[in-house]
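What follows is one structure encoded as structure tokens, with my remarks underneath.
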Amino acid sequence: MERTIERNIIDAVKNLYDSDIDVADIQIQATRREFEGDITVVVFPLLKHSRKSPEQTAEDIGNYIVEVNPGVRFFNVVKGFLNIEISNSAWLDVFLKLRSAAPAHSFSEKGKGQTTLIEYSSPNTNKPLHLGHIRNNLLGYSLFKILTACGHRVYKTNIVNDRGIHICKSMLAWKLFAQGETPSDSGIKGDHFVGKYYIEFENAYKNEIRELTSKGMTEEEAAERSKLMAGSRELLRKWEAGDKETLDLWKRMNSWVYEGFNKTYEMLGVDFDKIYYESNTYKLGRNIVIEGLEKGIFYRKDDGSVWVNLSSDKLDEKLLLRADGTAVYMTQDLGTAVERYNDYKFDRHYYVVGNEQNYHFQVLKLILKKLGYEWANGIHHFSYGMVNLPEGKMKSREGKVVDADDLIDTMLVTAREMSEELGKLDEYSAGEKENIYYKIALGALKYFILKVDPRKNMLFNPRESIDFNGNTGPFIQYTYARIRSVLRKAETYDYSGDIKSGDIELNDKESDLIKLLRRFEGVVVEAAETLNPSLIANYTYNLAKEFNQFYHDYSILGEKETAVRTFRIALSEYTGQIIQESMGLLGIDMPERM
RNA sequence: GGUUCCGUAGUUCAAUUGGAUAGAAUGACAGAUUCCGGUUCUGUUGGUUGGGGGUUCGAGUCCCCCCGGAAUCACCA
């Protein structure tokens, strides 16, 4: 449609003004609702060719197009905007073309041949996942879906911070207090089980400090004298030295954590192609640092610690290895990056990590470049904002975190309550019902988080998210379920037959819906280019709302005219397909009924 | 203080990436509906896009200067 108009404009300018124009000067867009018409041409860029007023130019070109293009019914001019009304039969053609292209949907060729890595999730093995991780996981997974849809070859990776003093703390607490208890003994999910001992350590440590300070020590002295802290350091030392007993316990406790994480990941519907462990990559990182030191890119201070000076890039000095030779966060990330490049030879590598680490990733990329790795240019920190709650900020130190599993559970409970109240599922088995509740609960959670621009800090309100009305996941799911219901009923009606162009006259709601449907592809491409799933979310909401308006105003199954009924059912079916596909890019499942 | 990001209806978010009169949802208000209320439906209200300059046919969007908020600037991860 746009193509032919574009062609018309080039011809018009050629014939009317005897001038050749650049295709880039042609701006065609969908007409806004408030105005009459379907397609709008912005004529301002054409003025240099016409040398006339915007109104006159639009008038000239409009007349020309109406004359040569039979698909165009009429036009109107508002200021410098030429609004073109497409004939209804042309809209029907657009729909038929869209629909026939649907099964083999490919959105864009731009990603073709691109190998793209996405790192997301990145948990620590000393505590369960929380609300912040949920945003991370959902964004990472959705980016994977969107980029894949645009032709990228995408690999999902995860880096597990399974090493360090924090792990040793839970290990020590377990040795001291657990008396051999395991997750299966206690009936606690593995990651929560280990998290429990981490908290026990913190509490015991606090008590110890309080006792010591009450004897007249300062905080610093107390921290140095602390037996618990000394015990953790001792464990870390043993771990690094490869002490068998320590390593065995470490492996055992980590396996409990992973078992727990896997359940949470499964609930969220996310997965990974390859998981990296910091305990493996930190050694490679250390070698890289030492290599850089030999090349003179880094330098050693008197105490033996290794640094890089980035002050010429406004980034100050950064520590790479401690005085005792042990690795820091940056060390292992350098190792992980190099290992990943060796594994995948990626073109792009997205790190889905919260915006509190912007500085870290700036430094990481710069260091890799200084080391001479060309591929560092493909590294990109996908930085997202924090999730706040109505009660205020989340602070893990004060224990004010929303646990991921708890949150999912409350969402499930709420979904069940609300569905039971509506009572539309009474005839289904318990298993089928549970499956639907699950889809609603997760759909509500995912949609609420993904509809927000990732960069922005956001406010998560659990009650609002699961509303069946408004801009929510359940509302879109409800629209989809409604469409499916119509289609099930339609099978018992006589609506077979092809739709041919020219068969029927479309009404406004129908052509509005088609207009929106044809934008889908563009939205997906844009979401991939700007790495922004929220575009897809908000688009889908508009589509669902548009369908409901159409559904509200016109009869589908009760329609007498066979051709019209056939068309409307086909339109509903296609809308359902797009909604499902669109929400699928957000990792949200659509229930067949709800 | 340096760096990065964010400021849009009372609130939570949009705005086809530089297009027309900045839109939804929710809240509030009015009316309808009925088992009081919630629910549901209809309508109304709600904005100097933090402020000020600039760029151009045209700015919420791009540039500069202020104001406000967040993150970060560790031998934590």
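Just so we're on the same page: letters track the sequence lines, and every chain starts at 1. Note that this is a predicted model, so its numbers are computed, not measured.
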Ignoring hydrogens and angles, state whether a donor on the side chain of [X] or [Y] is under 3.5 Å from an acceptor on the partner side chain.
X: Asp467(A); Y: Thr472(A); answer: no
X: Asn254(A); Y: Tyr277(A); answer: no
X: Asn136(A); Y: Tyr384(A); answer: yes

Which of the following nucleotides, U3(B), A77(B), A71(B), is nearest to the side chain of Met386(A)? A71(B)

Which one, U4(B), A71(B), A77(B), comes nearest to the side chain of His166(A)? A77(B)

Would Lys451(A) pass as a cation-pi partner of Phe448(A), given that its NZ or CZ must be under 6.0 Å from the six-membered ring centre and within 45 degrees of the axis? yes

Please give, in whole Å, the distance from [N] [atom2] to [X] [atom1]?
X: Leu310(A); N: U4(B); atom1: CG; atom2: P; result: 15 Å
X: Tyr541(A); N: A24(B); atom1: OH; atom2: P; result: 9 Å
X: Ile476(A); N: A25(B); atom1: CD1; atom2: C1'; result: 12 Å
X: Ile466(A); N: U26(B); atom1: CD1; atom2: P; result: 16 Å
X: Asn358(A); N: U4(B); atom1: CG; atom2: P; result: 11 Å

Nearest-0.5 Å distance, OG1 of residue Thr264(A) to CG of residue Leu407(A):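 Rounded to the nearest 0.5 Å, the OG1-CG separation comes to 11.5 Å.
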
Heavy atoms only, 4.0 Å cut-off, all strands: where does Glu278(A) land among base, sugar-phosphate and nothing?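 Sugar-phosphate only.
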
Atom pairs, N/O to N/O, protein against nucleotides 17-23 of chain B, distance under 3.5 Å?
{"unit_1": "U17(B)", "atom_1": "O2", "unit_2": "Glu526(A)", "atom_2": "OE2", "d": "3.3"}
{"unit_1": "U17(B)", "atom_1": "N3", "unit_2": "Glu526(A)", "atom_2": "OE2", "d": "2.6"}
{"unit_1": "G19(B)", "atom_1": "N7", "unit_2": "Gln27(A)", "atom_2": "OE1", "d": "3.1"}
{"unit_1": "A20(B)", "atom_1": "OP2", "unit_2": "Arg32(A)", "atom_2": "NH1", "d": "2.5"}
{"unit_1": "A20(B)", "atom_1": "N6", "unit_2": "Thr40(A)", "atom_2": "OG1", "d": "2.8"}
{"unit_1": "A20(B)", "atom_1": "N6", "unit_2": "Asn83(A)", "atom_2": "OD1", "d": "3.3"}
{"unit_1": "A20(B)", "atom_1": "N1", "unit_2": "Asn83(A)", "atom_2": "OD1", "d": "3.1"}
{"unit_1": "A20(B)", "atom_1": "N1", "unit_2": "Asn83(A)", "atom_2": "ND2", "d": "3.3"}
{"unit_1": "U21(B)", "atom_1": "OP1", "unit_2": "Lys79(A)", "atom_2": "NZ", "d": "2.6"}

Can you tell me which stems involve RNA chain B, if a stem is defined as three or more consecutive Watson-Crick or G-U wobble pairs, both distances under 3.5 Å? B:1-7 with B:67-73, B:10-13 with B:23-26, B:28-32 with B:40-44, B:50-54 with B:62-66

Less than 4.0 angstrom between a side-chain N/O of Asn469(A) and OP1 or OP2 of U40(B), yes or no?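 So the side-chain polar atoms of Asn469(A) do come within 4.0 Å of the phosphate oxygens OP1 or OP2 of U40(B), strictly under.
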
Among residues 446-457 of chain A, which contact RNA chain B at a heavy-atom distance under 4.0 Å? Lys451(A), Val452(A), Asp453(A), Arg455(A), Lys456(A), Asn457(A)

Are Lys283(A) and Gln332(A) side-chain neighbours, meaning at least one heavy-atom pair lies under 4.5 Å? no

